[in-house]
Structure formats: structure tokens, C-alpha cells
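All ligand and atom numbering here is 1-based and tracks the order in the structure. The chain is numbered in sequence order, starting from 1.
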Amino acid sequence: MSDCIFCKIIAGQLPSKKIYEDDEILAFLDINPVTPVHFLVIPKKHIKSLMDLSAEDSALVGRLMFKAQELAKQQGCEEKGGRFIINAKSDGGQTVDHLHIHFLGGIALGASLLQTCLHTGKRE
Ligand code: DGP
């Protein structure tokens, strides 16, 4: 899509710090890292969000997840892990309408992010 930031990164029209690329997938460092290790894994196909998948995308999403965990290990997070996040649409806080998996690692997150979400959602 011509007005999509991530499609422009894929096309090389915007710079990014790439950590992986193949025919279907691109991974690059988040421009505003919130943890010492923070990267994004995206499909090259423009899919707006996880809630805009078609059945034919299921294998691609499986590949995205597999690549995300592989890269997390390569980035030094194999032993301690991290958090894989997919924000979807407005209530999910998605700001870039191109499906992406965040990986956050390199620091002990505990349950703090989840608690923040619950508090923001006034569920307690
Ligand atoms: P989300 O809220 O899940 O839609 O997060 C989108 C993320 O994308 C956010 O953490 C910042 C990142 N981001 C936005 N624009 C750019 C960009 O131009 N380059 C890079 N590397 N990351 C970007």
C-alpha cells in the first residue's frame, strides 16, 4: 500500500535497521525501543492487522511466529525469553496498520505490562 510506513520500509523507500529478510518476511529494530531488545517482524504482504487475515495467510503467520522466536534467540534472549506482542486495531493500540509482531526482551518485564493494560482498561 502506497501510504503504509512498513510497506515503504519493505520497498527500501524508508530506512530501517534490518535484522532479517527473505521473500515473505522482514524483521527490523523498532524506531522507539522500549526494551534493550525490541524488534518487529512483518509480512511483506500488506495485511492490515491480525484481524484482517484470510485463510490463505495462516501458513505465513506461522512462519512469522517461528521467525520471531528464532530471531529472539539470535538477539541473545534464548535463556531468559521475552514478550511477543501483536497489537490489533484501535482498542489494541495498533498505530501502524500493517501486521507486525513486537519482540521485547533484554530486561525482566514480569507481569508489569499486563497489569498496566488491566489498569488502563479499568478492570479492577
Ligand atoms: P504498534 O503500536 O503495535 O502499531 O507499534 C508500531 C511500532 O512501529 C512502534 O513501536 C514504532 C514502530 N515504528 C513506527 N514507525 C517506524 C519506522 O518508520 N521505523 C521503525 N523502525 N519503526 C517504526
Review point. Can you tell me if Gln94 uses its side chain to pair, donor with acceptor, with the backbone of Lys48 under 3.5 Å?
Key: yes
**Study point:** Contact atoms of ligand 1, heavy-atom distance to Val96 under 4.0 Å
**Key:** 4 (O), 6 (C), 14 (C)
Revision key, fill the gap. Ser49 and Asp52 have their tightest heavy-atom pair at OG-OD2, 2.7 Å
Point to revise | Those atoms of ligand 1 less than 4.0 Å from some heavy atom in Asn87 | key: 1 (P), 2 (O), 3 (O)
Practice item. Give a yes/no verdict on whether any heavy atom in Lys17 is under 4.0 Å from an atom of ligand 1. Key: no
Study note, to complete from the structure: Here the atoms of ligand 1 under 4.0 Å from any heavy atom belonging to Phe28 are 20 (C), 21 (N)
Check your understanding: Of all the atoms in ligand 1, which lie at a distance below 4.0 Å from a heavy atom belonging to Ile5?
Key -> 18 (O)
Exercise for review: For the pair His100 (side chain) and Ile85 (backbone), establish whether a donor and an acceptor sit closer than 3.5 Å, ignoring hydrogens and angles.
Suggested key: no
Exercise for review: Using atom types as modelled and distance alone, determine if a side-chain donor or acceptor of Gln75 lies under 3.5 Å from a backbone N or O of Ala72.
Suggested key: no
Check your understanding: Measuring from the heavy atoms of Leu29, does anything fall under 4.0 Å of ligand 1?
Key -> yes
Exercise for review: Can you sort out which atoms of ligand 1 are near Ile9, meaning under 4.0 Å from one of its heavy atoms?
Suggested key: 17 (C), 18 (O), 19 (N)
Review point. Side-chain contact, heavy-atom cut-off 4.5 Å: Phe39 with Leu71?
Key: yes
Study note, to complete from the structure: Numbered in order shown, the ligand 1 atoms found under 4.0 Å of a heavy atom of His102 are 1 (P), 3 (O), 5 (O), 7 (C), 10 (O)
Review point. Counting N and O atoms only, with roles assigned by atom type, does the side chain of Arg83 sit under 3.5 Å from a partner on the main chain of His102, one being a donor and the other an acceptor?
Key: no
Review point. What are the two closest heavy atoms between Pro43 and Leu64, and how far apart are they?
Key: N-CD2, 3.7 Å
Check your understanding: Hey, does Lys8 sit under 4.0 Å from ligand 1 if you only count heavy atoms?
Key -> no
Point to revise | Under-4.0 Å salt bridge between Lys45 and Glu56 | key: yes
Study note, to complete from the structure: Logged contact type for Ile31 with ligand 1, heavy-atom cut-off 4.0 Å, is both
Study note, to complete from the structure: min-distance protein heavy atom vs atom 8 (O) of ligand 1 -> Phe6 CZ, 3.5 Å
Practice item. Tell me, please: is Gly93 in heavy-atom contact with ligand 1, that is, under 4.0 Å? Key: yes
Exercise for review: Output yes when Glu70 and Lys73 qualify as a salt bridge under the 4.0 Å nitrogen-oxygen rule, no when they do not.
Suggested key: no
Review point. Evaluating non-hydrogen atoms only, which member of Asp30, Asn32, Thr95, Ile42 is closest to atom 11 (C) of ligand 1?
Key: Asp30
Exercise for review: Give the atoms of ligand 1, by number and element, whose distance to some non-hydrogen atom of His100 is under 4.0 Å.
Suggested key: 1 (P), 3 (O), 4 (O), 5 (O), 6 (C)
Check your understanding: Does Leu40 come within less than 4.0 angstrom of ligand 1, counting non-hydrogen atoms of the residue?
Key -> yes
Study note, to complete from the structure: A student checking ligand 1 against Gln94 at a 4.0 Å heavy-atom cut-off should list atoms 4 (O)
Review point. So, Lys44 side chain and Asp22 main chain: donor-acceptor pair closer than 3.5 Å or not?
Key: yes
